[in-house]
Chemist: 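Encoded as structure tokens, here's the structure I'll be asking about.
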Amino acid sequence: MMRLNYRKANPEAFQTMLKLESYTKNSGIDPKLLELIKIRASQLNGCAFCLHMHTKEARAMGESEERIYLLNAWREAHCYTEEEKAVLSLTEAVTLISEKGVPESLYKQVREYFDEQQYVALIMAINTINCWNRIAIATGMVPGDFESV
């Protein structure tokens, strides 16, 4: 059960988050890759609300069940490209930044596929879903909350 409806409790905060979300959606990141970022970060953060939302959105975009199911073990799965693996690794590093930071080798790996502007867009996308995860968890959201909105 939701502790509070953050949208109603602080509409300005919600609008600020929507601006971040709009930036990420319009940043040029492939929409399917963006959903993989959102799902992986949500797995790491244990956010059921966001996992539910973004797996549904990924399916609606045509993402395969196999790639969604294997995302938690992407390193061992052969269904992800090297570019996707670099982004998933960056997603984990930024989400768990206090553990190891973002090593120079990972930065270089990601930059093989993305220029400076795109790298910043990826970081913003990762930070945005991490922020959504923290809002959902802190306010007690569960799958299905806001579906009728």
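Note that these values count all heavy atoms, side chains included, but never hydrogens, waters or copies made by symmetry.
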Chemist: Grab the two heavy atoms, one from L4 and one from A9, that are nearest each other, plus how far apart they are.
Modeler: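 Scanning both residues completely, I find the closest heavy atoms to be CD1-CB, 4.0 Å.
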Chemist: Once you round to the nearest 0.5 Å, how far does CG of N133 lie from CE of M141?
Modeler: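 Rounded to the nearest 0.5 Å, the CG-CE separation comes out at 10.5 Å.
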Chemist: If hydrophobic clusters are built from ILVMFWY residues whose side chains come within less than 4.5 Å, do F49 and M17 share one?
Modeler: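 Yes.
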Chemist: Distance check, rounded to the nearest 0.5 Å: L20 atom CG versus I129 atom CD1?
Modeler: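 Spacing of CG (L20) from CD1 (I129) equals 11.5 Å.
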Chemist: For residues L34 and Y113: do they belong to one hydrophobic cluster (side chain heavy atoms under 4.5 Å, members Ile, Leu, Val, Met, Phe, Trp, Tyr)?
Modeler: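 Yes, it is one cluster - the side chains of L34 and Y113 are joined through contacts under 4.5 Å.
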Chemist: Please list, chain by chain and in numerical order, all residues satisfying ring-ring contact (aromatic ring centres under 6.0 Å, His included) with F14, sequence neighbours excluded.
Modeler: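 So F14 forms a ring-ring contact (aromatic ring centres under 6.0 Å, His included) with Y6.
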Chemist: Do S89 and W74 have side chains that approach each other closer than 4.5 Å (heavy atoms only, starting at C-beta)?
Modeler: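 Yes - at least one pair of side-chain heavy atoms lies under 4.5 Å apart.
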Chemist: Apply side-chain contact (heavy atoms from CB on, under 4.5 Å) to R67 and E84, showing your working.
Modeler: CA-CA 11 Å; R67 285 169 46 90; E84 290 169 332; 2.6 Å; yes
Chemist: Does H54 reach the side chain of L36, with side-chain heavy atoms less than 4.5 Å apart?
Modeler: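 H54 does not reach L36 side chain to side chain.
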Chemist: Determine the minimum heavy-atom distance between R3 and A138, stating which atoms define it.
Modeler: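 Closest approach of R3 to A138: NH1-O, 2.8 Å.
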Chemist: For E65, enumerate each residue passing the salt bridge (charged side-chain N to carboxylate O under 4.0 Å, His left out) test, keeping only those at least two apart in sequence or located in another chain.
Modeler: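 Listed in chain order: R59.
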Chemist: Verify side-chain contact (heavy atoms from CB on, under 4.5 Å) between L70 and Y80, making sure each step is shown before the conclusion.
Modeler: CA-CA 10 Å; L70 292 174; Y80 303 102; 3.8 Å; yes
Chemist: Drop me the distance from S22's OG to Q15's CD, to the nearest 0.5 angstrom.
Modeler: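 Nearest 0.5 Å value for the OG-CD distance: 11.0 Å.
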Chemist: How far apart are the closest heavy atoms of F114 and V87, and which atoms are they?
Modeler: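 Looks like CE1-CG2, 3.4 Å.
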Chemist: Quick one: SG on C47 to CH2 on W132, what's the gap to the nearest 0.5 Å?
Modeler: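 The SG atom of C47 sits 11.0 Å away from the CH2 atom of W132.
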Chemist: Could you go step by step and tell me if R134 and I137 meet the side-chain contact (heavy atoms from CB on, under 4.5 Å) rule?
Modeler: CA-CA 5 Å; R134 283 154 175 76; I137 292 167; 6.0 Å; no
Chemist: Distance-only criterion, 3.5 Å: show the donor-acceptor pairs between side-chain atoms of residues 93-108 and protein atoms not counting sequence neighbours.
Modeler:
| residue | atom | partner | partner atom | Å |
| --- | --- | --- | --- | --- |
| T95 | OG1 | T91 | O | 2.7 |
| T95 | OG1 | N130 | ND2 | 3.0 |
| Y107 | OH | R111 | NH1 | 2.7 |

Chemist: Return the minimal non-hydrogen interatomic distance between K32 and G62, and the atom names on each side.
Modeler: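 For K32 and G62, the tightest heavy-atom pair comes out as NZ-O, 3.6 Å.
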Chemist: Going by salt bridge (charged side-chain N to carboxylate O under 4.0 Å, His left out), name the pairs with one or both residues in residues 19-31, residues two or more places apart or in two chains.
Modeler: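 Listed by first then second residue: E21-K38.
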Chemist: If a pair satisfies salt bridge (charged side-chain N to carboxylate O under 4.0 Å, His left out) and one of its residues is in residues 70-80, list it, with sequence neighbours excluded.
Modeler: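 Qualifying pairs: R75-E92.
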Chemist: Kindly compute the distance separating CG (L122) from CG (L33), expressed to the nearest 0.5 Å.
Modeler: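 Answer rounded to 0.5 Å: 6.5 Å.
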Chemist: Applying the 4.5 Å side-chain criterion to the ILVMFWY set and letting contacts propagate, would M2 and V142 be lumped into a single cluster?
Modeler: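 No, it is not one cluster - the side chains of M2 and V142 are not joined through contacts under 4.5 Å.
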Chemist: Compare every heavy atom of E35 with every heavy atom of A58, then report the nearest pair and how far apart it is.
Modeler: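 Result for this residue pair: CB-CB, 4.0 Å.
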Chemist: Say whether I29 and V120 are linked into one hydrophobic cluster, either directly or through other cluster members, by side-chain heavy-atom distances under 4.5 angstrom.
Modeler: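 Yes, because I29 and V120 connect within a single hydrophobic cluster, where side-chain heavy atoms sit under 4.5 Å apart.
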Chemist: Could you state the interatomic distance from CD1 (I126) to CD1 (I37), rounded to the nearest 0.5 Å?
Modeler: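 One gets 5.5 Å once the value is rounded to the nearest 0.5 Å.
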Chemist: Could you report the tightest heavy-atom contact between T139 and I135, atom names first, then the distance?
Modeler: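 For T139 and I135, the tightest heavy-atom pair comes out as OG1-O, 2.8 Å.
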Chemist: According to side-chain hydrogen bond (donor to acceptor under 3.5 Å, both in side chains), who are the partners of N72, at least two apart in sequence or on a separate chain?
Modeler: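 Listed in chain order: R40.
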